[in-house]
Amino acid sequence: MNKTIHQGRNVKRFREMLGLKQEGLAWELGEEWSQKRVSILEQKEVIEQDILEEVAKVLKVPAEAIKNFDADNAINIISETINNHDQSALIQHNPIFNFNPIDKWVEALDENKKLYERLLQAEREKVELLQRMVDRN
C-alpha cells in the first residue's frame with residue numbers, strides 16, 4: 001500500500017521546526033504572499049514544483065525533503081530503534097535494521113548537534129528578518 005505524502009503538512013512541519021510563523025514565511029516569499037496564502041499552501045496535498053522549490057529555498061531544505069518526508073515512517077523507525085534494546089531481537093523482528101545501536105546513538109548525537117546549530121542559525125536569521133522589517137517601517 002503506497003501512502004501519499006502530504007506536501008503541505010511537510011511545509012508546515014519544516015516551518016515549525018525552524019520556529020517560523022506563517023507570516024514570516026510569507027514575508028520571506030515576497031509581496032505576492034500572505035499568511036492566508038501560506039495557510040492554503042499548507043493544506044495542499046501536492047504543491048506545484050516551482051512553488052515547492054521556492055518554499056524549500058526559503059526554509060533551507062531540499063525540495064525532495066518536502067516531497068518525500070513521511071513522519072509516520074520516521075516515528076516508527078525511531079520507536080523501533082529506541083524500544084528494542086536487544087539487537088538480535090531487533091534483527092529477528094525487522095531484518096532491515098541490521099546495525100550497531102551504539103553507532104546509531106553516536107549518529108543521533110551528531111544529528112542533534114547539527115539540528116541545534118541549524119535552529120540556532122534560524123533564530124539568528126529570524127532576528128535579522130525582524131530587524132529588517134523594523135528598519136523597513
Side-chain angles (χ1 to χ4, degrees):
M1 179 172 125
N2 277 345
K3 182 178 175 186
T4 304
I5 304 295
H6 195 287
Q7 296 173 3
R9 264 190 237 128
N10 285 344
V11 168
K12 180 178 180 179
R13 284 184 182 107
F14 286 112
R15 177 183 57 75
E16 288 177 341
M17 280 192 279
L18 294 172
L20 192 59
K21 294 194 176 287
Q22 288 178 337
E23 295 87 354
L25 179 57
W27 192 86
E28 284 288 326
L29 287 168
E31 291 181 16
E32 68 277 1
W33 282 87
S34 66
Q35 177 274 324
K36 182 173 178 75
R37 186 172 176 197
V38 171
S39 177
I40 292 169
L41 177 77
E42 290 178 351
Q43 295 172 29
K44 295 178 83 174
E45 190 167 329
V46 177
I47 299 172
E48 298 82 5
Q49 186 64 31
D50 58 328
I51 294 175
L52 186 69
E53 289 174 7
E54 186 179 350
V55 171
K57 184 177 178 183
V58 169
L59 295 175
K60 295 181 175 71
V61 298
E64 290 301 311
I66 295 171
K67 287 173 81 171
N68 297 318
F69 180 75
D70 183 354
D72 292 337
N73 281 347
I75 291 168
N76 287 340
I77 289 169
I78 292 167
S79 177
E80 287 289 332
T81 303
I82 291 172
N83 293 329
N84 204 331
H85 302 289
D86 179 9
Q87 186 174 6
S88 63
L90 182 61
I91 293 169
Q92 290 171 3
H93 175 70
N94 195 345
I96 62 170
F97 293 110
N98 189 5
F99 59 83
N100 181 341
I102 293 173
D103 290 341
K104 289 296 177 185
W105 184 72
V106 170
E107 285 177 28
L109 288 175
D110 288 341
E111 290 300 314
N112 284 342
K113 180 181 176 191
K114 290 175 188 172
L115 177 59
Y116 172 77
E117 290 170 351
R118 182 145 181 242
L119 290 172
L120 185 59
Q121 181 61 31
E123 287 298 315
R124 289 180 182 133
E125 290 172 3
K126 281 195 314 189
V127 169
E128 290 174 16
L129 171 65
L130 290 171
Q131 186 62 50
R132 288 194 314 258
M133 289 173 73
V134 167
D135 292 345
R136 189 188 290 174
N137 293 328

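In this text, all values refer to a predicted model and were calculated from it rather than measured experimentally. Because only heavy atoms are used, hydrogens play no part in the values below, and waters and symmetry mates are left out as well, while side chains stay in. By convention here, the first residue in the shown sequence is residue 1.
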Quiz item: Checking R13 side chain against F69 main chain: does a donor-acceptor pair fall under 3.5 Å?
Solution: no
Quiz item: Which is it for N10 and H6 under the side chain to side chain contact (heavy atoms under 4.5 Å, CB included) test, yes or no, and what are the steps along the way?
Solution: CA-CA 7 Å; N10 285 344; H6 195 287; over 6 Å; no
Exercise. Check whether the side chains of Q49 and K67 place a donor and an acceptor atom closer than 3.5 Å, and report yes or no.
Key: yes
Quiz item: Under 6.0 Å from the CD atom of E31, do we count more than 12 heavy atoms belonging to anything else shown?
Solution: no
Quiz item: Honestly curious: do M17 and V58 fall in one hydrophobic cluster under the side-chain, below-4.5 Å linking rule?
Solution: yes
Practice problem: Would you mind reporting whether Q121 and R124 have side-chain heavy atoms less than 4.5 Å apart? | Solution: yes
Exercise. Mark yes or no for whether R37, through its side chain, and E32, through its backbone, hold a donor-acceptor pair below 3.5 Å.
Key: yes
Practice problem: Could you walk me through whether I5 and I66 pass side chain to side chain contact (heavy atoms under 4.5 Å, CB included), step by step? | Solution: CA-CA 9 Å; I5 304 295; I66 295 171; over 6 Å; no
Quiz item: Would E28 and R132 pass as an ion pair if we require N to O under 4.0 Å?
Solution: yes
Quiz item: How many angstroms lie between atom CD of E123 and atom CG of L129, to the nearest 0.5 angstrom?
Solution: 11.5 Å
Quiz prompt | Side chain proximity check, I40 to K36, heavy atoms < 4.5 angstrom | solution = yes
Quiz item: What's the spacing between R9 CZ and E42 CD if we round to 0.5 Å?
Solution: 11.0 Å
Quiz item: Could you walk me through whether V38 and W33 pass the side chain to side chain contact (heavy atoms under 4.5 Å, CB included) check?
Solution: CA-CA 7 Å; V38 171; W33 282 87; 3.9 Å; yes
Quiz item: Do the side chains of Q22 and R15 get nearer than 4.5 Å, heavy atoms only?
Solution: yes
Quiz prompt | Atom pair CD/CG of Q7 and L41 - distance to nearest 0.5 Å | solution = 9.5 Å
Quiz item: Got a sec, which hydrophobics cluster with Y116, joining ILVMFWY side chains under 4.5 Å apart, including via others?
Solution: L120
Quiz item: Does a salt bridge link E54 with K57, judged by any charged N lying under 4.0 Å from a carboxylate O?
Solution: no
Quiz item: So which heavy atom on A63 is nearest to which on E53, and how close?
Solution: CB-CG, 4.1 Å
Quiz item: Between the side chains of E23 and Q35, is a donor N or O closer than 3.5 angstrom to an acceptor N or O?
Solution: no
Quiz prompt | Verdict with supporting geometry, W27 and L20, side chain to side chain contact (heavy atoms under 4.5 Å, CB included) | solution = CA-CA 11 Å; W27 192 86; L20 192 59; over 6 Å; no
Quiz item: Is V46 close to L52 at the side-chain level, that is, under 4.5 Å between some pair of heavy atoms?
Solution: no
Quiz item: For R118 and V61, which heavy atoms make the closest approach, and how far apart are they?
Solution: NH2-CG1, 3.1 Å
Exercise. Look at atom NZ of K44 and say whether more than 12 heavy atoms of other residues, nucleotides or ligands are closer to it than 6.0 Å.
Key: yes
Quiz item: Should V11 and I47 count as side-chain neighbours, where that means a heavy-atom distance under 4.5 Å?
Solution: yes
